[in-house]
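Notes for the one structure printed next.
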Amino acid sequence: MIIFWIFTLFVGASAFAFGFIALQLGIGLSLLYAVVAMLLARGILSIIRRRLIVAERMAPETDVLQRTVETNRSVFWRRAIFVALVPIGYFAIADLFFGLAPEDALAALPDFLGLALTQLIYLLFLLGANFMLFFGPFYLYTRIGKTMINPDDANFGVNMDDVRGQKAAVGEMDRILRLIEHGRLFTKAGGKRERGVLMVGPPGTGKTMLAKAIASSMHVPIFIANGGSFAGMFLGIDALSVYLMVRAARKRAKVWGGCVVFIDEIDALGQRRSGMQGGGGMMGGMGMFGGGMLGLNMLLVLMDGIDNPGFIARQLRGLVNLTLDGLFLPRKIGANGSTVNLRIPPLKAPNYNILFIGATNRPQVLDEALTRPGRFGRQITFLMPNREARKDIAALYFDRKQHDPELDTPARRDEFARITDQKSPADIEQVLSLALLYAFEDNRSAFEWRDLREALGNVEAGLPIPIEYSEKDKIQIGRHELGHTVASHMFQKDHGHVRLSVRRRAAPGLGEIGGYHLSIPTEEQFVEFRSQLAADVRVSLGALACERVFYGENTTGVFEDLRQATQTACRMAGVVGMGADQLDPKMSLKAANIGEQLISVREISQGMHEQSTWEGAVLNNPKGRRTVSQILGAAYIDDWRLMYVNKEAIDQANEALMAAGGELVGDEISGLLDSVGLREPTESDPYPEDMPAVPYDRVELKAIEGTA
């Protein structure tokens, strides 16, 4: 390094002498001439030295800072020489091709620059126009399904208090959002704001409604998108959509101090990567068409990747520091123990205050990298509302719709909350809207309890089919459904009736049904005892037993009942180890023989062979099958005896049901059954006969000597 400076001083002395003696520049200009020559010489030496280091012909500097400085000097002087070649080339071309002296070439320079600038602007315009013609539609395509909403721009008529039945979820989200708006002290104390929150829960439980509440109440912009809007038929559209979305959110975050990005149905964008799907599916590398997982990869990087300062700021800092290094100015100067830094310090990475919120009802398909801490690491679970929550939800929607004041009584609200078990907030709102529609069709401005009954029936079991039953069918269907109802009334003491209907309906997922009975627990429960599962089996077989009591045989309408009963019995026997019913040996054998002919193999056929479902595994095991048979047979015996001693009461209830229009709801069912005088069988009451015996001859296969 010393020899470089010795050579540089020699060049400077020679240049000063040449300028002062030969060029007659005077002392000042000669010194300036010498300094320029020294810098040029030292820069050329830096370039040569750097090339030797890159070619591994010279060892690099041991000090990291010095190595950086020398590299910057080499880069600066390479660029400076290249820039200097431009005017030299201009004057050389002017002299060789146009015969212009340097003075004439300098005078013609403004006209030349004006002409070149005009042509450059024209060329850039053509390039921009062609770019917009080709890529403009793609840009517009990426905007479909996405909306940026500034504070006070949107009012969805929803606030945080309107998201009912999810107190824990709403409270946690409210806490996170407060950190977005007022989290400065939290971050100063060492806390870290959440990058992403994933809202998980069944459809209709309030995830999108909460997003609307956030958009209506937040004082930062919110970017609303849906996962399907990122998909496209052209490869890279999904990645471009994600990039533009995050870029827009960062711009708004700089202006407003924060931004929220809500992606509904995020599973469409964030599905787990595997195999060739990680590269865009089978079409990923086959030209323009594809889509793949590029959008997911882009989202992962932008959420928790390496953020860089702005492009212009980085370029300006690099230019200043590179120039100062290239001019051999020291990085620091100081005196008396104090120093001054002559370089721009490294720029801090931007800290965008952006919260990503995703919503899905299929969290199991999301990529693991998407749900880790730093991305969507926080999950907020939305649950189906319990009874108290359903009362709260009903209060919200009842207040918004005209209704009969009689529906505001505590008894009616309790009953409504009870019979809407397993209904989401969206279901409850739909029921009330449908009830109001029925009221308007009847020229009434407010709905009543009968409208709610009709609306609930249509939501639960589908629209009624205008079919007029024959008298025989009415009696048969009524007895069938009353078989379920009476069994539930006598065996499920912890349940309350919801609906009893013999109206034919088009049920979603089931097709056409002739009627149905629904009962639910009177109190919230999260586990079931054996006695409760045994009661479920008896309710399922109640219709079959009732038909056999009245007709001596059963109809094909028990198809689904037998499937449910078999499934429950298999669960009791082979999944949760509850065993058979406690009966004396003779009765147990009778029950097992009866139940053997009641087993339904409907669930087994769901797999490729009988072992592919747990029901199939239980039924394929001889001991498990016999236990299931005993459970089913014992339930059938109890049902048969109950129906036998209540034949007259069942027919009385059937007549009352038909008189009421073929449908009863809630307490109306209990009142009807109590009025007909149901009773439990006693020891003196008869038992059902055994099922017809089926001969069974099993051929034992024996190996023959001499065979494999």
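Numbers here simply count residues along the sequence, with the first being 1.
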| What's the verdict on side-chain contact (heavy atoms from CB on, under 4.5 Å) for Thr360 and Leu198, showing C-alpha distance, side-chain angles and the deciding distance? | CA-CA 8 Å; Thr360 181; Leu198 187 64; 4.1 Å; yes

| request: Assess whether side-chain contact (heavy atoms from CB on, under 4.5 Å) is satisfied between Phe18 and Leu23, documenting all intermediate values. | output: CA-CA 7 Å; Phe18 180 77; Leu23 299 180; 3.7 Å; yes

| Derivation of the side-chain contact (heavy atoms from CB on, under 4.5 Å) call for Thr339 and Ile333 | CA-CA 5 Å; Thr339 59; Ile333 58 174; over 6 Å; no

| message | Arg331 vs Asn321, test: side-chain hydrogen bond (donor to acceptor under 3.5 Å, both in side chains). Steps then yes/no. | response | CA-CA 9 Å; Arg331 289 215 158 197; Asn321 289 352; over 6 Å; no

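Counting only distance, with no hydrogens or angles, the side chain of Arg42 and the backbone of Thr8 share no donor-acceptor pair below 3.5 Å. Within the 3.5 Å criterion, the main-chain N or O of Ala101 finds no donor-acceptor partner in the side chain of Asp95. Side-chain atoms of Gln166 come within 3.5 Å of backbone N or O of Leu383 as a donor-acceptor pair. Counting only distance, with no hydrogens or angles, the side chain of Arg73 and the backbone of Asp325 share a donor-acceptor pair below 3.5 Å. Counting only distance, with no hydrogens or angles, the side chain of Trp77 and the backbone of Gly326 share a donor-acceptor pair below 3.5 Å. In terms of modelled atom types and a separation under 3.5 Å, the side chain of Arg49 and the main chain of Met58 share no donor-acceptor contact. Tyr33 places no side-chain N or O within 3.5 Å of a backbone atom of Phe20 that could act as its donor or acceptor partner. Here the side chain of Arg272 pairs a donor or acceptor atom with the backbone of Gln364 at under 3.5 angstrom. The closest donor-acceptor contact from the side chain of Lys207 to the backbone of Thr381 lies at 3.5 Å or more, if one exists at all. For the pair Ser14 (side chain) and Phe10 (backbone), a donor-acceptor distance under 3.5 Å is present.
Remark: Leu294 CG to Phe230 CZ distance equals 14.0 Å, nearest 0.5 Å. How far CD1 of Ile149 is from CZ of Phe223: 10.0 Å, rounded to the nearest 0.5 Å. Atom CG of Leu25 is separated from atom CD1 of Ile21 by 11.5 Å, given to the nearest 0.5 angstrom. The distance from atom CG of Asn297 to atom CG of Leu302, rounded to the nearest 0.5 Å, is 11.0 Å. Once rounded to the nearest 0.5 Å, the distance linking CG of Leu316 with CD1 of Ile344 reads 7.5 Å. Taken to the nearest 0.5 Å, the CG atom of Asp174 stands 4.5 Å off from the CE atom of Met160.
Using a 4.5 Å heavy-atom threshold, the side chains of Tyr122 and Thr118 count as separate. Two residues are said to be in side-chain contact when any heavy atoms from C-beta on lie closer than 4.5 Å; Met173 and Val163 fail this criterion. In this structure the side chain of Gln271 never reaches within 4.5 angstrom of the side chain of Leu296, judged on heavy atoms. Taking 4.5 Å as the limit, every side-chain heavy atom of Phe376 sits out of range of all side-chain heavy atoms of Ile357.
When each of Lys251, Met245, Arg252 is checked for a side chain to side chain contact (heavy atoms under 4.5 Å, CB included) with Met148, only Arg252 meets the rule.
Between the side chains of Asp427 and Ser424, at least one donor-acceptor pair of N or O atoms lies under 3.5 Å. Side-chain contact annotation: Ser74 with Arg78, donor-acceptor N/O pair under 3.5 Å present.
Remark: Glu70 does not engage Arg50 in a salt bridge, criterion side-chain N to carboxylate O under 4.0 Å. We find that Asp162 and Arg400 are joined by a salt bridge, their nearest charged nitrogen and carboxylate oxygen being less than 4.0 Å apart. A salt bridge between Arg362 and Asp267 is present, with a side-chain N of the basic residue lying under 4.0 Å from a carboxylate O of the acidic one.
Here the closest heavy-atom approach between residue Ala34 and residue Ala15 is recorded as CA-CB, 3.9 Å. When all heavy atoms of Leu299 and Phe356 are compared, the closest pair comes out as CD1-CE2, 4.2 Å.
Residue Leu127 qualifies as enclosed at atom CG: its count of foreign heavy atoms under 6.0 Å is above 12.
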